[in-house]
A.B. asks: 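Sharing a structure below in structure tokens format, with a few things to ask.
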Amino acid sequence: MRISLFITCYNDTLFPETGKAVVCVLERLGHTVEFRKEQTCCGQMHWNTGYLKEAVPIIRHFVDVYRDAELVVAPSSSCVSMMRDHYLKAAEMVGDAKLAADVEALLPRVYEFTELLVKKLGVEDVGATFPHKVTLHTSCHSQRSLHLGDIPVRLLNKVRALELLPIENPQECCGFGGTFSIKNADVSSAMLAEKVRTVLNTRAEVCTAVDNSCLMHIYGSLHRQRTLVRTAHIAEILASTGGMQ
Amino acid sequence: MNAPYGSHWADRSFPEAAKELLADSQVRRNVRHATDVIQAKRNRVVGELPDWEALREAGSAIRAHALEHLDEYLVEFERNCTRAGGTVHWARNAAEANRIILELIQLHEAKEVIKIKTMTSEEIGLNRNLEANGIRPHETDLAELIVQLGHDKPSHFVVPALHKNRQQVREIFQREMHLPELGDKPEDLCAAARTYLREKYLRIKVAVSGANFLVAENGAVCIVESEGNGRMCLTLPDVLISLVGIEKVIPRFRDLEVFLQTLPRSATGERMNPYNSIWTGVHETDGPKEFHVVLLDNGRSPILSDAESRQTLKCIRCAACLNVCPVYHQTGGHAYESVYPGPIGAILTPQLHSMDRGRTLPYASSLCGACYEVCPVKINIPEVLIHLRGKVVEQDQRTLGGKLGVWNIGMQAAGFVMGSAGRFTLAQHMGHLAQKLFVSKSGFIERLPFMLSGWTQTRDLKALPAQSFRDWWAHRELNGSTKNGAAREDRDGQ
Amino acid sequence: MASESDARTAILSSIRGALRVSAEREPNARETEYAAVSREYKQSSTKSTEELLELFTHRLAEYDSGVMRVAPAQIPDAIAELLRARGRASIAIPEGLPAEWLPAGFQFVQASALDAHQLDKLDGVLTGCTVAIAETGSVVLQNAPSQGPRKLSLVPDYHLCIVFALQIVETVPECFTRLDATSNLPTTFFSGPSATADIEMTRIKGVHGPRFLDVLIVAE
Ligand code: SF4
């Protein structure tokens, strides 16, 4: 299948490895990956911060870029949830029936990366090997908006040599929340401290998730504390055929 | 006329108030313990109902329907309550409600009243107003008693004193009840409260309550509780005054079959509260001889005009959203500077005050969605939070200061950048240059200026990598590499 | 009060303004909408009487309430046994409680004329009930014969309640079906003895209501 990668603005800028990993996995499974250079952002940062009308042109741009795509994949549950939970509402807010129709036509073809693998492509074993102890942070959007359930766990369970360690309160937010982490830095830090404590308690070497936003946050503290625990987007684990890159 | 009459909450910003509470590790421990316990019980009893989602759906639909016909149902309630011997009063705001209640109490020449936990009374500052007029209110709910005797404020609406542990409660009781020998076992503390209050139940002739539900169909009022203090106040005095928000009305008696399942399970994790009381008006042989309902608006009716956030008024005050909220876990209730804390408070408080109080509250959430998931009437709190953020931004953009504020300028700039891939790519390259100022030897950003400094107080920030994904892709296409092998090689080469 | 009727008018018109509706709406629309509320939750029971009794007994025990099951003919003996075990001698009873239930050797006091102070001096109260809910372990009392006014089951420190098997339903909705006809009577649901968890979330029995509760289930 021809799959169009929506890398998302922060992965593009901060986590190119994740994008490369998605390309690697999908190509390994025999699919063709395309990258549309006109892409920018899903509009979530504006929308969630209350800049609602400012988000609309970004949404329009996204829809224009992918209008004719066969399938779109994004390695970010939070961006996909932005689309599913808010795009229609945004179109309705500005009374743009055309945009609403476009959104409705496009969104059924947009998938989060792990969701695409399991639900659309029907694959659980992607041929990965990752000889490490790993724990999974269940990001908020992946569970409460996309309802991914055990999809990430099913994929990780099929990775050779990987040991998946359970984490306490997996469903609790890491405290990132986009601009929340800046506007309410103290509360966000307190939430993060709790999350990091549970990560460290697992004795895992790597903490993974389907969202780099949470991982960037978690790693921010792990690194500040000079721990050796690392973070890696699930795509990077699924792309791996050996050790840690 | 929606002035927060008698409100004794300051209006500090949430981050400011939260900072103070975050420093109080005792409060945080107490809050965490209490919310963990309720949450675990809640999950157990909710999990055993296979029809839980259907109950939420029905509860949500009934409440939404009641709000859409609120005027009709209130009039119907008034008619039926009056027919059953009750008297219905209407109060536009806190001042009017205070005046009505005070006059009723004075009419009966009462110098003391007994009270059942009611948030509306806290909302209108009733106790302080009564005291100022020489009337002594006695809170009878154990937690409210702790708050009252401790000259404190409630921090949760089901367990208002959950920020206090047993030693702290003992100190308060020892001092205020003159019981120097009192132990700190919860049983001892309860026994002390029982003795302290029983004499009052048998003596005091006027009681003030709130209500959980008003039933339009027959004018019934429903109150759920645990301790029996509510039943004492509802049945022993001669006069009962119930102060109730106008949104609390439900169409029919049978609708209670939904809420009496979802409310106790959500609120305390019990299958049913120890006590539910339902009554209509006045009964010759049973309960008070006079019954008054004061219907309070105080900023509620304007909330109905906004179809997006109207759902806020569906709330049945179970506090499940507080117990599950990771922000509330850290700060407890006082950081919200309102009688309504937690996620529901974050949307209700600013709306009750037409968005000129509690303006930082819509931002007091990471939008994790846990509140929506547990809400027994399916209030999509994250959605309303974003909607209210939109209102705050719009308000700000109407002022020059707001227009020139860092957030607005930053967001406008980011919006401009995201409008085209060319500008976005350029911005990535510029970011690369700019970050040279901040990146430490370890390759991380450990200190940032201005509003971004909050991030780096406790967290390092990953520096921008040498090459963005789109640059890598362009490079890859240029080299004509295709398919699997290439991608892997390239990765391994990193 | 003039200003109160102003307030009434102002609140109602503020609500109508906010909802963008007029006072004279088609009342049928409301009824149709109400009827459309989806009620896919469980409304009836699939359990046998025996299963219901078992579930109810189990729930009551979880609340720390005493439970005993007897045949109709054994009611007086069972009451005597329970009262003796609890050491209670003076017991308030409501009007309409069948005299043949009452065992000899105790002081049963007709409560209709008693005020709260007098009730407070008695050892306990004996009542029947209107309906009981197995799933939640709740008993519903109304101001009706053999149950009496609300304060009766509230002020005394001990409550012995008699529940017939036929009065037990499984779910809350079934309970409301039975209550619908008498929904105007003062009604109390109780589920176990009075309790609080306000101090460190520890459940403590008996704050202001009866601290001790026994339920006598009567079944053939
Ligand atoms: S918003 Fe929902 S969860 Fe929160 S208190 Fe209200 S009803 Fe309960």
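In what follows, every chain begins at residue 1, and chains take the letters A, B, ... in the order their sequences are listed.
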A.B. asks: With a 4.5 angstrom heavy-atom cut-off, is it the side chain or the backbone of A/N169 that approaches chain B, or both, or neither?
C.D. replies: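 A/N169 touches chain B through side-chain heavy atoms alone.
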
A.B. asks: Is it the side chain or the backbone of A/L5 that comes within 4.5 Å of chain B heavy atoms, both, or neither?
C.D. replies: side chain

A.B. asks: For A/S145, is it the side chain, the backbone, both, or neither that has a heavy atom closer than 4.5 Å to a heavy atom of chain B?
C.D. replies: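 Contact with chain B is absent: no heavy atom of A/S145 under 4.5 Å.
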
A.B. asks: Taking all non-hydrogen atoms of both residues into account, name the closest pair between B/L367 and A/H141 and its distance.
C.D. replies: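 Closest heavy-atom pair between B/L367 and A/H141: O-NE2, 4.2 Å.
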
A.B. asks: Using 0.5 Å steps for rounding, measure from the CH2 atom of B/W472 to the CZ atom of A/F35.
C.D. replies: 10.0 Å

A.B. asks: Heavy-atom pairs under 4.5 Å with chain B: which of A/D85, A/T40, A/L192, A/V187 has the most?
C.D. replies: A/T40

A.B. asks: Could you check whether any side-chain N or O of A/R224 sits under 3.5 Å from a backbone N or O of B/T456, counting only pairs where one atom can act as donor and the other as acceptor?
C.D. replies: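 Answer holds: yes.
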
A.B. asks: What are the two closest heavy atoms between B/Q428 and A/C9, and how far apart are they?
C.D. replies: NE2-O, 4.4 Å

A.B. asks: So which atom in B/S366 and which in A/M191 form the shortest heavy-atom distance, rounded to 0.1 Å?
C.D. replies: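 Scanning both residues completely, I find the closest heavy atoms to be OG-CE, 3.8 Å.
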
A.B. asks: Quick one, A/K37 and B/E477 - any side-chain contact, counting heavy atoms below 4.5 Å?
C.D. replies: yes

A.B. asks: Tell me, for A/E34 versus chain B, whether the close heavy atoms (under 4.5 Å) come from the side chain, the backbone, both or neither.
C.D. replies: backbone

A.B. asks: Under 4.5 Å, heavy atom to heavy atom, which residues of residues 22-30 of chain B contact chain A?
C.D. replies: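 So the qualifying residues are B/L22, B/R28.
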
A.B. asks: With a 4.5 angstrom heavy-atom cut-off, could you sort out which part of B/Q457 is near chain A: side chain, backbone, both or neither?
C.D. replies: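 Both backbone and side chain.
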
A.B. asks: What distance separates B/W407 CH2 from A/I182 CD1, expressed to the nearest 0.5 Å?
C.D. replies: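 Between B/W407 CH2 and A/I182 CD1, I get 4.5 Å after rounding to 0.5 Å.
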
A.B. asks: Would you mind reporting whether B/P382 and A/R144 have side-chain heavy atoms less than 4.5 Å apart?
C.D. replies: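 They are not in contact (no side-chain heavy atoms under 4.5 Å apart), so the answer is no.
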
A.B. asks: Look at the side chain of B/R470 and the backbone N and O of A/Q39, then say whether any donor-acceptor pair between them is shorter than 3.5 Å.
C.D. replies: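 Pair found, side chain donor or acceptor close to backbone of A/Q39.
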
A.B. asks: Which answer fits B/S365, side chain, backbone, both or neither, if we ask what part of it has an atom under 4.5 Å from a heavy atom of chain A?
C.D. replies: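 It is the backbone, since no side chain atom gets that close.
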
A.B. asks: Would you compute the distance between atom OG1 of A/T13 and atom NE2 of B/H429 and round it to the nearest 0.5 angstrom?
C.D. replies: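 One gets 9.5 Å once the value is rounded to the nearest 0.5 Å.
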
A.B. asks: So for B/H432, is it side chain, backbone, both, or neither that comes closer than 4.5 Å to the heavy atoms of chain A?
C.D. replies: neither

A.B. asks: Please report the shortest heavy-atom distance between A/N184 and B/A364, naming the atom on each side.
C.D. replies: ND2-CA, 4.0 Å

A.B. asks: Return yes when atom NZ of B/K19 has more than 12 non-hydrogen atoms of other residues, nucleotides or ligands closer than 6.0 Å, and no otherwise.
C.D. replies: no

A.B. asks: Centre of A/F15's six-membered ring, under 6.0 Å away, within 45 degrees of the axis: is that where NZ or CZ of B/K462 sits?
C.D. replies: yes

A.B. asks: What part of A/V33 lies closer than 4.5 angstrom to a heavy atom of chain B: side chain, backbone, both or neither?
C.D. replies: both

A.B. asks: With only heavy atoms counted, which part of B/V392 is less than 4.5 Å from chain A, the side chain, the backbone, both or neither?
C.D. replies: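 Neither part.
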
A.B. asks: Report, as yes or no, whether the 6.0 Å neighbourhood of atom CZ on B/R447 holds more than 12 heavy atoms from other residues, nucleotides or ligands.
C.D. replies: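 At most 12 heavy atoms, drawn from other residues, nucleotides or ligands, come within 6.0 Å of this atom.
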
A.B. asks: Is A/L52 close to chain B through its backbone or its side chain, or both, or neither, when contacts mean heavy atoms under 4.5 Å?
C.D. replies: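 Interface part for A/L52: side chain.
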
A.B. asks: Are A/E54 and B/Q397 close enough that a side-chain donor and a side-chain acceptor fall under 3.5 Å?
C.D. replies: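 A donor-acceptor contact under 3.5 Å links the two side chains.
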
A.B. asks: Can you list every side-chain hydrogen bond (donor to acceptor under 3.5 Å, both in side chains) pair that touches residues 413-426 of chain B, not counting sequence neighbours?
C.D. replies: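 Listed once each, the pairs would be none.
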
A.B. asks: Under a 4.5 Å heavy-atom cut-off, does chain B meet the side chain of A/H223, its backbone, both or neither?
C.D. replies: both

A.B. asks: Between A/Q171 and chain B, which part of the residue has a heavy atom less than 4.5 Å away: side chain, backbone, both or neither?
C.D. replies: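 Neither part, no heavy atoms under 4.5 Å.
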
A.B. asks: Taking all non-hydrogen atoms of both residues into account, name the closest pair between A/S189 and B/T458 and its distance.
C.D. replies: OG-OG1, 2.7 Å

A.B. asks: Got a second to check how far B/F469's CZ is from A/I7's CD1, nearest 0.5 Å?
C.D. replies: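 Between B/F469 CZ and A/I7 CD1, I get 5.0 Å after rounding to 0.5 Å.
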
A.B. asks: Against chain B, label A/Y219 side chain, backbone, both or neither, depending on which of its atoms sit under 4.5 Å from a heavy atom there.
C.D. replies: side chain

A.B. asks: Suppose a student defines contact as a heavy atom less than 4.5 Å from any heavy atom of chain B. Which residues in residues 172-181 of chain A would they list?
C.D. replies: A/E172, A/C173, A/F176, A/G177, A/T179, A/F180, A/S181

A.B. asks: Contact between A/M93 and B/E308 at the side-chain level, heavy atoms closer than 4.5 Å - yes or no?
C.D. replies: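 A side-chain contact under 4.5 Å is absent here.
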
A.B. asks: Report which part of B/L461 has an atom under 4.5 Å of a heavy atom belonging to chain A: side chain, backbone, both, or neither.
C.D. replies: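 Only the side chain of B/L461 comes within 4.5 Å of chain A.
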
A.B. asks: Backbone N or O of B/A18 within a donor-acceptor pair of the A/D186 side chain at under 3.5 Å?
C.D. replies: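 It does not hold such a pair.
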
A.B. asks: Of the backbone (N, CA, C, O) and the side chain (C-beta and beyond), which part of A/H217 lies under 4.5 Å from a heavy atom of chain B, both, or neither?
C.D. replies: both

A.B. asks: Report, in residue-number order, which members of residues 42-51 of chain A are under 4.5 Å from chain B by heavy-atom distance.
C.D. replies: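 Near chain B, by residue number: A/M45, A/H46, A/W47, A/N48, A/T49, A/G50, A/Y51.
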
A.B. asks: Pick one of side chain, backbone, both or neither for A/L26, based on which atoms fall under 4.5 Å of a heavy atom in chain B.
C.D. replies: neither

